[in-house]
Amino acid sequence: MIAGIKDIESEISNILNEFEIQDSVEIRYSNIENTDIQCNNLVRYSNAPNINEIKEKLEKSLLANPFIENIEIAENGFINLNFSNEYLKKFSKNHNERIISPKKESMLFDYGGPNIGKDLHVGHIRTLNIGRSLYNIFKLAGHDVISDIHLGDWGMPIGLILAYIEKESIDINSLSYIDLEIIYPKASELSASSKDFYKEAQEISKKLNSKNEEYLSKWKIIYNLAIPNIKNLLQSLNYEFDLWRGESDVVEEVKTVVADAQEKNLVVEDDGALVSTEKEDPPILITKSDGSYLYLTTDLGTVVHREKNQKCDKYIYVVDSRQRNHFEQVFKTVKHFNLSSSSFIHVGFGTVNGPDKKPFKTRDGNVYKLSKLHEDIKEKLKKYNSNEKVLNVLTNTVLTFSDLLPNRNQNYEFDLEKFTDINGKTGVYIQYAQVRAQKLLSSKVEIIDTNIDNEYNLDERKLLLLLSKFDYFYNQSLNNYQPHHLAEYLYSLCQTFNSFYANNKIFSNDTPDEIKLKRIEIVDNFYNLTGLIFSCLGIKLVDSM
RNA sequence: GCUCUCGUAGCUCAAAUGGAUAGAGCAACAGACUUCUAAUCUGUAGGUUAUAGGUUCGAGUCCUAUCGAGAGCGCCA
């Protein structure tokens, strides 16, 4: 995973082989001060009788490598190495050329998942940010990626809305989007207290499934009311999708999935409901006792629909961890019903918590809307810039960077005050650092001497070394579906750059031309890589602050 | 009750899937501005990685138990 060290690894491996030590040699970055990389394979053999001979041979051979400038083998067998300037110069740039995957795959990213009638709220930012980031990361590696927002535009929620409209005799044609937002929570609440109302909603939902024209046209009205609003909001937040499919697109597939399973005896009846024949505890429920469909059924239909329309090698679902069991059931059933031979991955994540350490509620109607959060962040950022365009990018940066920084497996606390500060691990800080770099690169200077100085001071070397580590963090994010590795790395890059910036003046009169050239190249490398990581995370650059 | 996820500095979070002395950011304290924007930078202090065992050259990471937190447990999505 470390760029450009394969030769060094095989060199060590060869030498160890000569002494009849057969290990798969691995070099890793070192935490030890003044050591760049280390190899631990020799540790287990530190008591071997010919250890001194091995050490001698290793030292001699490794020092001849142009990428290595210093070698030290500790008493206990750790092989500590330092990179040469040649290595640092070469691997601190052109990163995007090195991360192309040798095996190209097609992948569908299912994320976002907004529901009709329910406004996007704070709880949606993780699926949006993580989904978009993974999409960008895999795209950068050369994979064929496609994103699908997977709208919640069918089933019981729609039944509830339509039942409520009917019950309250609301004129559906004069309905506005704002009315819709009010209706859903009320309908949801009513369904919990009134069994009759719940049954009515269920009936409507069933009729929709059998293409009842009256309800279908009402559904369409609601759909057309909701979708443009969702699109506008997401666009302003810089989220884009290749596909805007929803549950309503797979109604036919859901029916055929169930029918086929029945025909192949993959389901059995239980209290009127259909249950998968797979031995599971609890059993996997395919249809309700009244014959209507469930969340799981819809997801199975979606798989069939995708297999038919945009078959992929991998399907990646970015949905919160509470639905882990659900996806286990979906994926098992996909295999059991033989719906697809592709691989299915659930990328889960924890909740976004408020200051009270509790997640923002989604169904009590009293939610923190995403649009409101955007406004609140923007308000805080006004002290940094008054330009509306810059302010919007900055706001989206905070909304994304703060969210991608923690490991997705854990819950985290959203602290508005903290996240909008320029001091600290924040979106504002990283934007400020790259703006500084931009400014330096745009400065027009007369440089006469064209020699580049190839010796590096401590600040320069530290930055170059960190720049060369991109491949590692990129692969961590890619292999584990965890963007936070890149987010953390980006911050440390910016921090190291700011330190370099403060201690190494480029355009001062007592800086010789060859040093100016060298430093401008370093700044250029920093700026290019920063831009690359920004795009991986789904963040746009501001050009001033 | 069963099953997952997790417990790291006062607070918010990292840590290569087993490597040497566990790192950042806030907050606290002490410094650096006639500056390529100090909107920044540099120090100091802060830890028995929930607890107790185990596995081995080596454990925050793996195994067992206990305590504590959050989540999920057929007819919502």
Side-chain angles (χ1 to χ4, degrees), chain A residues 1-2 26 28-33 35 38 40 43-47 74 76-78 80 113 115 118 152 154-157 160 188 191-192 198 202 247 270-276 280-290 292-296 298-299 320-326 328-329 348 350-351 353 357-359 362-363 383-385 405-407 409-413 415 417-419 421-426 428-429 432-433 435-436 439-440 443 445 472-473 475-476 479-480 484-485 487-488 491-492 495 498-508 511 519 523 544-545:
Chain A
M1 288 222 246
I2 300 178
E26 189 207 17
R28 48 169 49 214
Y29 289 118
S30 178
N31 313 324
I32 302 300
E33 222 177 341
T35 300
Q38 66 183 66
N40 304 339
V43 175
R44 285 198 286 171
Y45 308 98
S46 58
N47 288 325
N76 48 9
F78 287 100
N80 298 333
N115 292 323
K118 282 190 280 181
W154 202 253
M156 270 307 275
L160 288 169
S188 177
S191 75
Y198 182 83
Q202 215 169 16
E247 294 171 338
D270 184 22
D271 287 338
L274 291 179
V275 173
S276 170
E280 287 295 326
D281 186 35
I284 300 173
L285 192 68
I286 306 295
T287 65
K288 302 188 212 175
S289 48
D290 70 345
S292 58
Y293 306 127
L294 289 149
Y295 183 27
L296 182 125
T298 313
D299 274 356
D320 79 274
S321 299
R322 286 175 293 197
Q323 298 185 38
R324 187 194 168 101
N325 290 345
H326 165 73
E328 270 176 21
Q329 290 195 335
T351 54
N353 293 345
K357 298 189 187 285
K358 285 188 176 163
T362 53
R363 274 171 198 173
K383 61 186 168 198
Y384 297 118
N385 205 298
L405 201 51
N407 185 325
N409 293 315
Q410 289 201 312
N411 302 343
Y412 80 96
E413 205 176 308
D415 187 334
E417 208 62 51
K418 186 176 134 186
F419 293 170
D421 197 337
I422 192 164
N423 289 306
K425 255 187 214 185
T426 69
V428 192
Y429 181 91
Y432 180 56
V435 164
R436 277 179 148 180
K439 195 77 184 292
L440 288 177
S443 302
V445 275
Y472 168 74
F473 292 99
N475 281 309
Q476 283 291 302
N479 295 330
N480 301 305
H484 79 272
H485 296 284
E488 280 279 355
Y491 174 78
S492 56
Q495 195 184 36
N498 270 337
S499 180
F500 158 86
Y501 179 94
N503 299 329
N504 301 275
K505 292 281 175 281
I506 296 179
F507 300 121
S508 85
T511 306
R519 289 186 181 157
V523 175
S544 67
M545 269 185 71

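All of these numbers come straight from a predicted model, not from anything done at the bench.
Each of rC13(B), rU17(B), rG72(B) was ranked by its minimum atom distance to the side chain of Asn480(A); first place goes to rU17(B). Proximity note for Gln476(A) (side chain, C-beta onward) versus rA16(B), rC13(B), rU37(B): the nearest is rA16(B). Distance from the side chain of Asn115(A) is smallest to rA77(B) among rA77(B), rU12(B), rC26(B). The nucleotide whose nearest atom lies closest to any side-chain atom of Lys439(A) is, among rA24(B), rC75(B), rU37(B), rU37(B). Among rG19(B), rU40(B), rG72(B), the nucleotide with an atom closest to any side-chain atom of Val43(A) is rG19(B). Distance from the side chain of Phe507(A) is smallest to rC36(B) among rU40(B), rC36(B), rG72(B). The side chain of Lys288(A) approaches rC75(B) more closely than any other nucleotide in the set rG19(B), rA14(B), rC75(B). For His484(A), counting side-chain heavy atoms from C-beta on, the closest listed nucleotide (rA77(B), rG74(B), rA14(B)) is rA14(B). Here the side chain of Phe78(A) is nearest to one of rA39(B), rU40(B), rG19(B), namely rG19(B). Ranking rC36(B), rU17(B), rA39(B) by closeness to the Tyr384(A) side chain, first place goes to rA39(B).
Within the nucleic acid shown, Asp299(A) has no heavy atom closer than 4.0 Å to any nucleic acid atom. Counting any heavy atom pair closer than 4.0 Å across all strands shown, Tyr501(A) reaches a base atom. Among the protein residues, Asp415(A) comes within range of no part of the nucleic acid, since none of its heavy atoms lies under 4.0 Å from any strand. Looking at heavy-atom distances under 4.0 Å, Glu417(A) makes no contact with the nucleic acid at all. Nucleic acid contact class of Gln38(A) (heavy atoms, under 4.0 Å, all strands): base. Ile422(A) comes within contact range of at least one nucleobase, with a heavy-atom separation under 4.0 Å. Here Tyr491(A) lies in heavy-atom contact (under 4.0 Å) with sugar-phosphate atoms only. Among the atoms of the strands shown, none is found under 4.0 Å from any heavy atom of Gly152(A). Residue-level contact check: Arg324(A) touches the backbone only, with heavy atoms under 4.0 Å from sugar-phosphate atoms and none from bases. If you check every strand for non-hydrogen atoms under 4.0 Å, Val428(A) touches nothing. Tyr412(A) comes within 4.0 angstrom of sugar-phosphate atoms only, judged by non-hydrogen atoms across all strands, and of no base. Contacts of Met545(A) with the nucleic acid, taken as non-hydrogen atoms under 4.0 Å apart, include base atoms. His485(A) comes within 4.0 angstrom of the backbone, heavy atoms only, and of no base. When heavy atoms are screened at a 4.0 angstrom cut-off, Ser289(A) is found touching base atoms of the nucleic acid.
The separation of rC73(B) from rC62(B), taken at their P atoms, amounts to 26 Å, rounded to a whole angstrom. To the nearest whole angstrom, the two P atoms, one in rU21(B) and one in rG60(B), are 10 Å apart. Spacing between rC36(B) and rA24(B) at atom P, rounded to whole Å, works out to 28 Å. Annotation: rU55(B) and rU61(B) have their P atoms spaced 15 Å apart (nearest Å). Nucleotides rC11(B) and rA71(B) are separated by 24 Å at their C1' atoms, to the nearest Å.
Rounded to whole Å, atom P of rC4(B) lies 19 Å from atom CG of Asp320(A). One can place CG of Asn503(A) at 13 Å from C1' of rG43(B), the figure rounded to the nearest angstrom. In this structure, the CG atom of Asp271(A) is 14 Å from the P atom of rG74(B), given to the nearest Å. Between the C1' atom of rU12(B) and the CZ atom of Phe419(A) lies a distance of 8 Å, rounded to the nearest Å. Spacing between atom CD of Glu488(A) and atom P of rA16(B) amounts to 12 Å, rounded to whole angstrom units. Rounded to whole Å, the distance from CD on Glu328(A) to C1' on rG72(B) is 11 Å. A straight line from CG of Asn423(A) to P of rC41(B) spans 7 Å, rounded to a whole angstrom. Computed from coordinates, the Asn40(A) CG to rA20(B) P distance equals 8 Å when rounded to whole Å.
Donor-acceptor pairing under 3.5 Å, judged by distance alone, is absent between the side chain of Ser443(A) and the base of rC36(B). Side chain Asn31(A) to base rA16(B): a donor-acceptor pair is found below 3.5 Å.
OP1 or OP2 of rU42(B) has at least one side-chain nitrogen or oxygen of Ser499(A) nearer than 4.0 Å. Of the side-chain N and O atoms in Arg28(A), one or more sit less than 4.0 angstrom from OP1 or OP2 of rU17(B). In this model, the phosphate group of rU12(B) is approached by a side-chain N or O of Lys357(A) to a distance below 4.0 Å at OP1 or OP2. Within the 4.0 Å cut-off from OP1 or OP2 of rA24(B), not a single side-chain nitrogen or oxygen of Gln495(A) is found.
In this structure, Asn325(A) and Asn407(A) both approach RNA chain B, and ranking their closest nucleotides by distance from the 5' end singles out Asn407(A). Each of Glu26(A) and Trp154(A) has a nearest nucleotide on RNA chain B; the 5'-most of these lies closest to Glu26(A).
Judged by distance alone, the side chain of Arg519(A) and the main-chain N or O of Phe507(A) form no donor-acceptor pair under 3.5 Å.
Base orientation of rU17(B): syn (glycosidic angle within 90° of 0).
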Pairs under 3.5 Å (Watson-Crick or G-U), crossing ones as [ ], inter-strand ones as |: RNA chain B comes out as (((((((..((((.....[...)))).(((((.......))))).....(((((..]....))))))))))))....

